[in-house]
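Before any comments, here is the structure.
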Number of protein chains: 2
Amino acid sequence: MSKELSTEEKIREAAKNVFIAKGFDGCTSREIAKAAGMNVALVNYYFCSKKQLFKLVFEAVLEDFMLSTVEVFRKNLSLESKMRIFIEREFEFLTSHPDIPRFILSELSRGDKCEFDHAGILDKIASTGVFEELLEAQEKGVIRKIDLTNIMLLIMSNCHYPFMAKPLMKYLNNLSEEQYQERLMLQKQYVTEMLIGYLFNPKTNS
Amino acid sequence: MSKELSTEEKIREAAKNVFIAKGFDGCTSREIAKAAGMNVALVNYYFCSKKQLFKLVFEAVLEDFMLSTVEVFRKNLSLESKMRIFIEREFEFLTSHPDIPRFILSELSRGDKCEFDHAGILDKIASTGVFEELLEAQEKGVIRKIDLTNIMLLIMSNCHYPFMAKPLMKYLNNLSEEQYQERLMLQKQYVTEMLIGYLFNPKTNS
DNA sequence: AATTAATTTAAACGCTTGTTTAAAATTGTT
DNA sequence: AACAATTTTAAACAAGCGTTTAAATTAATT
């Protein structure tokens with residue numbers, strides 16, 4: 001389906017896959033061109049340089065990643081329901097794109113590669129109203145009074161890491177692919193229970 | 001202090017720092033040699049190839065990382081105390097070596113670089129008696145009956161990820177270094193409370 | 001149909017890569 | 001002091017890198 005991709009789009013798409021799988025340093029322009037079924041020179045014809053192509057791809061991936069699931073918070077549901085659905089969708093997204101968290105954190109941590117535009121992302125997240133809703137819930141005593149950065153970190157830790165740690169887990173525990181996937185789906189339940197249990201009903205625990 | 005390192009050790013040490021900072025693909029043999037204050041040819045004189053030097057360094061780092069904190073479980077303390085101390089020490093270790101989790105997961109996920117020896121690691125962890133202790137505690141109803149893989153994943157997620165996500169957190173939330181460090185220390189408390197609260201006293205919640 | 005513009009190609013550019021070589025310097029041994 | 005073994009060096013190697021060039025091909029315009 002959809003063979004009607006332009007040369008530029010084919011290269012961008014191939015670059016995304018190759019960059020995510022191997023990292024900026026781990027692949028070559030020729031590899032990207034070959035994956036796109038194109039001549040090497042076309043990479044620079046359309047994108048000037050490997051670096052610039054990477055910047056474009058990275059920013060798109062980061063935005064997709066950060067915004068794809070946060071839309072739940074626009075819905076008219078209880079905060080707890082939204083949180084549950086959010087975690088559910090994070091696991092869904094990561095099941096289709098398990099390499100993205102590692103890709104983003106790896107590339108971001110060797111940041112001298114190029115300067116990334118990220119100004120808009122937090123604003124777009126904020127536009128869903130998550131932050132206000134969380135702050136309000138804190139004032140009402142519905143959820144624990146913790147800095148939003150820490151809440152983000154708690155949720156992201158428990159959603160992203162299980163996918164990032166796949167090779168470590170698989171071989172430390174000698175797991176087959178099926179066994180790992182099984183633990184992953186269990187992990188989703190545990191993580192949801194744990195996070196909801198900790199963040200909500202703060203009076204019972206602290 | 002301790003200038004009495006042999007050439008071989010100097011290269012190994014420099015290689016460790018450079019590999020952790022930039023990854024296997026992100027650095028060159030010449031860079032490692034320069035960091036060690038040595039000639040390029042010495043790298044291969046002592047270690048045959050960049051790949052083999054990497055393998056040596058990686059295996060040492062992985063073993064250090066996995067075993068450094070698990071020793072707590074040999075002590076004669078309650079399981080909950082050990083768990084608290086373990087998390088405390090994980091955060092301690094990671095404060096000194098914040099780049100190691102990302103290094104390990106990154107390099108492991110592009111595993112074609114070379115085959116790693118990992119046979120001994122799980123056995124060494126097992127030799128502390130953690131696993132038996134956890135299983136016993138589960139039988140006694142002290143902690144939640146969850147596969148040990150998932151328990152490991154819960155703890156590692158909440159300890160490793162906050163350090164791996166530093167660049168993402170710093171710029172998504174426009175945090176200064178001090179602000180980030182502050183959140184990190186708070187995160188340690190939250191993570192401890194959350195994990196202990198979830199894993200122990202399973203009857204109250206499920 | 002002729003001409004111009006946009007796309008694609010194969011080949012080459014200079015440079016860096018990991019690795020090797022062979023000579024120089026150092027150390028150890030008799 | 002003379003010799004042998006080890007360690008270190010500078011230089012070179014082919015191969016691969018990102019990028020550029022200039023010609024060939026295709027598409028668009030007149």
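As a basis for the values below, the full set of heavy atoms in this structure was taken, side chains included, without hydrogen atoms, waters or symmetry mates. This one's a predicted model, so the numbers in the text were calculated from it and none came from an experiment.
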Problem - Sugar-phosphate, base or nothing in reach of B/Y46, heavy atoms under 4.0 Å - result: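 The residue B/Y46 makes sugar-phosphate contact but no base contact.
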
Exercise for the section: Looking at every strand, decide which applies to A/V40 at a 4.0 Å heavy-atom threshold: base, sugar-phosphate, or nothing. Expected result: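 Answer is base: heavy atoms of A/V40 come under 4.0 Å of a base.
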
Handout entry: Cation-pi geometry met for B/R12 and B/F47 (6.0 Å, 45°)
Key =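 Negative - B/R12 is either too far from the ring of B/F47 or too far off its axis.
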
Which whole-number value in Å describes the distance from [X] [atom1] to [N] [atom2]?
| X | N | atom1 | atom2 | value |
| --- | --- | --- | --- | --- |
| A/I32 | D/dT19 | CD1 | C1' | 14 Å |
| B/F47 | C/dT20 | CZ | P | 16 Å |
| B/L42 | D/dT6 | CG | P | 16 Å |
| B/E31 | C/dC15 | CD | P | 20 Å |
| A/K34 | C/dA10 | NZ | P | 13 Å |
| A/D25 | C/dT17 | CG | P | 11 Å |
| A/I11 | C/dT8 | CD1 | C1' | 10 Å |
| A/Q52 | D/dT19 | CD | P | 10 Å |

Using a cut-off of strictly less than 4.0 Å, decide whether [X] has a side-chain nitrogen or oxygen near OP1 or OP2 of [N].
| X | N | answer |
| --- | --- | --- |
| B/T7 | D/dT8 | yes |
| A/Y45 | C/dT7 | yes |
| B/S29 | C/dG18 | yes |
| B/N44 | C/dT19 | yes |

Handout entry: Check: A/F86 ring centroid to A/F73 ring centroid under 6.0 Å
Key =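 Ring-ring flag for A/F86/A/F73: true, centres closer than 6.0 Å.
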
Practice task
Without swapping roles, check the side chain of A/Q52 against the backbone of A/S49 for a donor-acceptor pair under 3.5 Å.
Solution key: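 No, the answer is negative, given that no donor and acceptor are paired below the 3.5 Å cut-off.
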
Practice task
Would you kindly check whether a donor in the side chain of A/R30 faces an acceptor in the base of D/dG16, or vice versa, at under 3.5 angstrom?
Solution key: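 Side chain to base: no pair below 3.5 Å.
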
Handout entry: Nearest-nucleotide 5' precedence on DNA chain C, B/K50 against A/E8
Key =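 Per heavy-atom nearest nucleotide, the more 5' residue is A/E8.
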
Practice task
Measure from the side chain of B/A41, starting at C-beta and using heavy atoms only, and say which of C/dT9, C/dT19, D/dT9 lies closest.
Solution key: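 Looking only at heavy atoms from C-beta outward on B/A41, the closest nucleotide is D/dT9.
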
Handout entry: Salt bridge present between A/E13 and A/K16 (N-O < 4.0 angstrom)
Key =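 Here A/E13 pairs with A/K16 in a salt bridge, since their nearest N and O are under 4.0 Å apart.
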
Exercise for the section: Evaluate the side chain to side chain donor-acceptor pair (under 3.5 Å) criterion for residues A/R89 and A/S68: first the C-alpha distance (whole Å), next the side-chain angles of each, then the deciding distance (0.1 Å), finally the verdict. Expected result: CA-CA 9 Å; A/R89 295 208 180 157; A/S68 64; over 6 Å; no

